[in-house]
Protein chains: 2
Amino acid sequence: MANLDVPKKQQILEAAQAAILAKGFSATSIDELIAEVGISKSGFFYHFRDKTILARALLERYIEQDDVVFDRAFDEADALSEDPLHSFLIALKLLAKVFDDMPNGHPGCMVACICYHEQLFDQEVRNINAKAVLSWRTRFRKRIERIAERYEPRINIDLDDLADMFSVVGDGGIILSRVVGDKSLLPRQLLLYRDFVRLIFEPVQVSDKP
Amino acid sequence: MANLDVPKKQQILEAAQAAILAKGFSATSIDELIAEVGISKSGFFYHFRDKTILARALLERYIEQDDVVFDRAFDEADALSEDPLHSFLIALKLLAKVFDDMPNGHPGCMVACICYHEQLFDQEVRNINAKAVLSWRTRFRKRIERIAERYEPRINIDLDDLADMFSVVGDGGIILSRVVGDKSLLPRQLLLYRDFVRLIFEPVQVSDKP
DNA sequence: AGCAAACTGGACCGCAGGTACAGTACCTGT
DNA sequence: ACAGGTACTGTACCTGCGGTCCAGTTTGCT
């Protein structure tokens with residue numbers, strides 16, 4: 001049934017990511033994962049010393065995949081405009097579209113998921129989590145800095161805060177999307193963040209009105 | 001040791017809320033709760049048929065407490081200004097201050113916490129969760145509608161989305177605050193949301209610059 | 001042939017969530 | 001005074017899950 005060429009360890013990670021984001025870490029049992037990928041319990045513990053090691057691997061994997069999505073959107077945007085503000089606005093639109101195109105909505109953020117299970121994990125996992133958020137901050141801050149060099153912001157703003165706000169709106173948007181069962185809520189919120197950036201930096205008076 | 005006048009049921013809810021927001025639902029054991037409040041296991045199950053009933057009670061309690069905080073901030077703001085925009089901006093500043101004054105930062109949002117443990121609970125709990133988010137939407141939308149009646153928004157904006165954005169920034173801000181270990185992150189994000197509202201509706205050109 | 005990586009199988013442990021049920025202390029209305 | 005409800009205690013027991021231990025097997029590389 002499962003792909004025979006994919007190593008079992010990858011299959012476990014795959015199955016675990018889906019299950020954990022959908023049901024939560026504790027609600028996902030090892031028994032259920034090994035049944036799904038067709039491996040023995042001993043086989044599972046051969047790859048992962050315990051469940052927290054699985055969580056760590058999952059988190060690292062998630063962050064890598066996330067970075068790929070960001071890189072793609074920013075690269076594509078850069079190809080379409082050399083202006084830092086326009087490129088950033090395009091990237092935000094692309095990112096919103098990526099999430100909008102997901103058939104069942106965003107599967108959930110592993111960082112947020114682990115945040116609400118925190119004490120189950122060791123300091124190492126929490127450090128990875130913090131590092132991921134700070135890397136997002138750096139990524140967005142760089143972009144926003146380049147915008148601020150060219151465009152005078154309309155209000156006084158802390159660039160780190162504005163950079164963090166992307167992650168804040170992302171994680172908060174994922175939660176509200178799920179809770180109210182409206183998958184378009186997350187992309188709409190990201191576009192709202194985009195409007196905010198536009199209002200801060202875009203020099204001419206904006207009017208979308210008819 | 002514990003307050004003798006407070007009924008045990010209340011004491012359990014108190015202890016459970018703190019533990020669950022700090023460590024997560026599954027990481028909080030019934031044994032640990034009954035040890036803390038000094039009740040027997042049978043006593044616990046007398047009050048709560050099972051752990052999910054405890055979660056339901058906790059969620060309902062949390063939403064009530066949250067509403068009180070909102071009511072207080074909005075009432076106080078209304079007393080300070082009759083203008084819907086100014087009152088709203090004051091309320092947001094007050095709310096940011098409430099969270100900033102919490103010695104250990106915001107303890108975590110029960111709605112978000114339960115969202116990431118979803119499949120552990122029944123439809124009823126998820127309905128309560130959705131109802132809470134929608135009640136926040138309604139609360140903020142009413143305020144924003146009154147603002148939009150008086151002030152022409154600078155950009156085309158969906159009022160429900162802008163109302164939801166408060167909850168989005170709140171829940172996202174709580175997560176990032178915890179992950180990076182910076183308790184001031186949440187209030188700063190709320191003030192950023194406030195800046196957004198101001199940029200949309202405030203008619204005169206704003207300048208905080210020296 | 002020999003070795004390592006990737007497993008299988010089975011026995012076993014402790015903890016957490018829960019069930020079942022009998023008993024008790026205290027308060028309240030008739 | 002006693003009947004009945006509320007708020008518990010104590011004990012025994014069951015299940016599922018995470019986890020350990022360990023001996024043995026298959027597969028592929030050199």
Side-chain angles (χ1 to χ4, degrees), chain A residues 1-20 22-59 113-114 116-122 124-125, chain B residues 1-59 61 113-114 116-122 124-125:
Chain A
M1 194 162 289
N3 194 329
L4 293 171
D5 290 353
V6 177
K8 292 289 182 193
K9 189 171 180 180
Q10 289 306 311
Q11 288 186 41
I12 294 171
L13 286 169
E14 216 77 55
Q17 171 157 330
I20 286 175
K23 310 192 301 181
F25 184 74
S26 330
T28 302
S29 71
I30 293 172
D31 282 351
E32 136 194 9
L33 294 177
I34 66 180
E36 196 177 328
V37 309
I39 197 178
S40 67
K41 208 171 176 182
S42 317
F44 176 91
F45 283 106
Y46 172 75
H47 290 299
F48 307 101
R49 201 171 66 248
D50 59 38
K51 223 182 159 191
T52 72
I53 299 293
L54 171 67
R56 190 184 302 190
L58 234 36
L59 183 58
C113 180
I114 285 187
Y116 271 107
H117 289 84
E118 237 176 11
Q119 300 320 105
L120 284 176
F121 306 110
D122 51 24
E124 174 68 14
V125 171
Chain B
M1 195 166 289
N3 193 329
L4 292 170
D5 290 353
V6 177
K8 292 286 181 194
K9 189 173 180 179
Q10 288 306 312
Q11 288 187 42
I12 293 171
L13 287 169
E14 217 77 54
Q17 172 157 326
I20 286 175
L21 288 177
K23 310 193 299 179
F25 184 74
S26 330
T28 302
S29 71
I30 293 171
D31 282 352
E32 136 195 7
L33 294 177
I34 65 180
E36 195 177 330
V37 309
I39 197 177
S40 67
K41 208 170 176 182
S42 318
F44 175 90
F45 285 105
Y46 171 76
H47 290 299
F48 307 100
R49 201 172 66 249
D50 58 39
K51 224 182 158 189
T52 71
I53 299 293
L54 170 68
R56 190 184 302 190
L58 234 36
L59 183 59
R61 208 178 90 110
C113 179
I114 285 188
Y116 271 106
H117 289 83
E118 237 177 9
Q119 300 319 106
L120 285 176
F121 307 110
D122 53 23
E124 174 68 14
V125 171

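Within every chain, numbering begins at 1; the chains are lettered A, B, ... in the order of the sequence lines, protein sequences first and strands thereafter.
- For B:His47, the side-chain atoms get nearest to D:dC8 when compared with the rest of C:dG18, D:dC8, C:dA5.
- Here A:Tyr46 does not reach the OP1 or OP2 of C:dC7: none of its side-chain N or O atoms lies under 4.0 Å away.
- Rounded to a whole Å, the CD1 atom of B:Ile34 is 18 Å from the P atom of D:dA7.
- Partners of B:Glu32 by salt bridge (Lys or Arg N to Asp or Glu O under 4.0 Å), not counting sequence neighbours, listed by chain and number: B:Lys23.
- Looking at B:Lys41, its side chain comes within 3.5 Å of the base of C:dG18 through a donor and an acceptor atom.
- Look at CZ on A:Phe45: it is 16 Å from P on C:dG9, rounded to the nearest Å.
- As rounded to whole Å, 17 Å separates atom P of D:dG16 from atom CG of B:Asp50.
- When rounded to the nearest whole Å, the span between CG of B:Leu54 and C1' of C:dG17 equals 13 Å.
- A:Ile12 places its CD1 atom 9 Å from the P atom of C:dT8, with the value rounded to the nearest Å.
- Nearer to the 5' terminus of DNA chain C, by closest-nucleotide assignment, is the contact made by A:Phe44 (compared with the other of B:Ser29 and A:Phe44).
- Taking all atoms of both residues into account, the shortest heavy-atom contact from B:Phe45 to B:Asp50 is CE2-CA, 4.2 Å.
- No donor-acceptor distance shorter than 3.5 angstrom exists from the side chain of B:Lys41 to the backbone of B:Ile30, with no hydrogens or angles considered.
- Spacing between atom NZ of A:Lys51 and atom C1' of C:dC15 amounts to 14 Å, rounded to whole angstrom units.
- The residue B:Thr28 sits close only to the backbone: its heavy atoms come under 4.0 Å of sugar-phosphate atoms, none of a base.
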Any N/O pairs under 3.5 Å between the protein and nucleotides 25-30 of chain D? List them or say none.
none

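- Distance NZ (B:Lys9) to P (D:dT6): 12 Å, rounded to an integer number of Å.
- A donor-acceptor pair under 3.5 Å is formed between the side chain of B:Lys8 and the backbone N or O of B:Val37.
- Between the side chain of B:Ser42 and the base of D:dG10, at least one donor-acceptor pair of N or O atoms lies under 3.5 Å.
- For the pair B:Lys9 and B:Phe48, the distance from NZ or CZ to the six-membered ring centre is under 6.0 Å and the angle to the ring normal is within 45 degrees.
- No engagement by A:Thr52 is indicated, since no non-hydrogen atom pair under 4.0 Å with the nucleic acid exists.
- Look at CG on B:Leu33: it is 12 Å from C1' on C:dA16, rounded to the nearest Å.
- Residue B:Asp31 forms a side-chain contact (heavy atoms from CB on, under 4.5 Å) with just one option from B:Thr28, B:Ile34, B:Leu33, and that option is B:Ile34.
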